[in-house]
Amino acid sequence: MFLSLMGVDGHVSQGPWFASVLTLKTSAPLRAEPKKKKKVDPRREQMVRERLKKKLKKLERVPPELIPIEDFTTPAKYMDETRVRGAPQLPFEESERRALLLKEWSRYKQTQHRAEMEAVGLAVEAQREALEELRLESEELYQAALRPDPLLFPFNHQGPSYTPPKAQYEAPEGKYNNITKVYTQ
Amino acid sequence: MAAPCSRMANRPLWRFITNVRRTGLKHTGVRQISLSSACRAATQTRSKTEGVPSPWKLYGAVCLQRLPVISQERNPIEDQFAELMHQMELERSLLSDHEQRLLEDSERMTRKQADNYDSDEEEADYGGQETITAQDQEDTWEQKLKHFQPALRDRDVGGTPLGSVERCLGDSLVLLVQQTVGKETIWLLPQAQWEAGETLRQTAERGLSSLPGQLCGEADFKATFLGNTPCGVYRYTFPKEVRTERCVGAKVFFFKAFLSAGSASQKEPFLWVKKTELQRYLKPPYLEKVDRFILNL
């Protein structure tokens, strides 16, 4: 039976239904390939997208560049030697006068500081006494005095200037170009 | 374990008793400043709980200060030092852009006036533009400055009256009013008597707003009070004729305030005085207490 199936040349010559089975076998993968494309390609595209996203995340994990502090770097134009003023040679008397003036100034400032500290100490002492007396009077008023005032802050006051303010004076409007560099991270 | 026991043993007996009495009364557990005041406070609060009112009348007063408007004159040493600092800064500095421009301009002028001046060479460099020299700019700036006339610093030369807010712009001034206390009319910081149901700060505000000028609508003081705490107290006993069981004397509590806006016209009842002039108007014991919290800084 097998010999009859095998045939003379060894060529497998099956009956006609065998041939159709073979053709089925050859055509089945041909027919199934478009179906495989629909499954695999979205998966492949997804994989590609995921890989890109992972790469982006790795790049983003790098810490942001620090904003340079412009005050800490000396601009190049100030390193120019032509800008240096001639250092004056001070005579001996002048340097002596300067040293003595500095010492006198430190003494003056010391007395001023001591006076200020004393004045503040007296004021604090006066307040403490006032609170003590108030406590003796009535507890209720004392507690009311200790409560902080929410309306006090923010407190604004125009400090002293060199000349007193002029009545009905309109200051001229100033024009300016703002050239500050703005850095974004 | 041993240490606390030894401490208990060392404490004298009378202190132990007062401690017990104190803790018995005060459940709040407030710290005492000194033992004597603690005992006094304990007795006072005990009398409070028994329903006896205090024998002191309470007043709230306001210390209204007008802060300086212009800077003070410099001392001779301050003058010298400022000059020295300016000189030293100048010596240690580099040339600015403006100064460099001045130098360049002056160099160019000398080159122009020299004999071997080649104007074509110069103009090739600068493109033949008419440049405004730095010196010209400085002159225009000076001219502009001369157009502006600032207000004079010392306006007191004319002798502004003591009641005006505009006097002594370099110092901080305190408001004084004349009020009748008892039988006399004396100068003092504006005060009002405390009424039940208000805090002392409200009393002080009332004292300020109920001044005779304020009521007429002439003087209008807008004051910012610095907090609810009094800055000082003045306690005095009434003379023997007025003294009764109920009121032995009075306590005046002072509150600090800064003048934020004031009207120009004031009548006689007001006085704006510097700290050094206070002694001319206030009585010595009053001045002693008030002087402490008025800072001349």
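Excluded from the calculations below are hydrogen atoms, water molecules and symmetry mates; all remaining heavy atoms, backbone and side chain alike, are included. Letters go in sequence order (proteins before strands), and every chain restarts at 1.
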Tell me every residue that passes ring-ring contact (aromatic ring centres under 6.0 Å, His included) with B/Y286, counting only those two or more places apart in sequence or in another chain. B/Y234, B/F254

Check whether B/L94 gets within reach of chain A through its side chain, its backbone, both or neither, counting any heavy atom under 4.5 Å. both

Find out whether B/Q80 and A/W105 are in side-chain contact, i.e. whether some heavy atom of one side chain is under 4.5 Å from a heavy atom of the other. no

Over all heavy atoms of both residues, which pair between A/A130 and B/G232 is shortest? Give the atoms and the distance, please. CB-C, 3.6 Å

From B/T229 OG1 over to A/D149 CG, what is the distance, rounded to the nearest 0.5 angstrom? 9.0 Å

Could you tell me which of B/N228, B/D291, B/L295, B/V233 has the largest number of non-hydrogen atom pairs under 4.5 Å with chain A? B/N228

Evaluate the ring planes of B/F148 and A/Y169, with Trp represented by its six-membered ring, and classify them as parallel (under 30°), tilted (30 to 60°) or perpendicular (over 60°). tilted

Examine whether an atom of B/Q100 lies under 4.5 Å from a heavy atom of chain A, and if so say whether it belongs to the side chain, the backbone or both; otherwise answer neither. side chain

Would a 4.5 Å heavy-atom cut-off, applied to side chains only, mark B/R153 and A/Y162 as touching? yes

So if I apply the salt bridge (Lys or Arg N to Asp or Glu O under 4.0 Å) rule between B/K251 and each of A/E137, A/E129, A/E132, which one comes out positive? A/E137

Can you tell which part of B/E78 gets under 4.5 Å to a heavy atom of chain A, answering side chain, backbone, both or neither? both

Report which part of B/T199 has an atom under 4.5 Å of a heavy atom belonging to chain A: side chain, backbone, both, or neither. both

So for B/F81, is it side chain, backbone, both, or neither that comes closer than 4.5 Å to the heavy atoms of chain A? both

Chain A heavy atoms under 4.5 Å from B/S93: which part of the residue, side chain, backbone, both or neither? both

Of all residues at least two apart in sequence or in a different chain, which pass the ring-ring contact (aromatic ring centres under 6.0 Å, His included) check with A/F153? none

Need one label for A/L134: side chain, backbone, both or neither, based on atoms under 4.5 Å from any heavy atom in chain B. both

Does any heavy atom of chain A fall under 4.5 Å from the side chain of B/R201, the backbone, both, or neither of them? side chain

The interface call for B/F258 against chain A, heavy-atom contacts under 4.5 Å, is side chain

Would you please name every residue forming a ring-ring contact (aromatic ring centres under 6.0 Å, His included) with B/H98, sequence neighbours left out? B/W141

Segment of B/L58 engaging chain A (4.5 angstrom heavy-atom cut-off): side chain

At what distance, to the nearest 0.5 angstrom, does CE of B/M88 lie from CG of A/L102? 6.0 Å

Which residues in residues 90-100 of chain A have any heavy atom lying under 4.5 Å from a heavy atom of chain B? A/L90, A/R97, A/R98

What part of B/L84 is in contact with chain A, defined as an atom under 4.5 angstrom from a non-hydrogen atom: side chain, backbone, both or neither? side chain

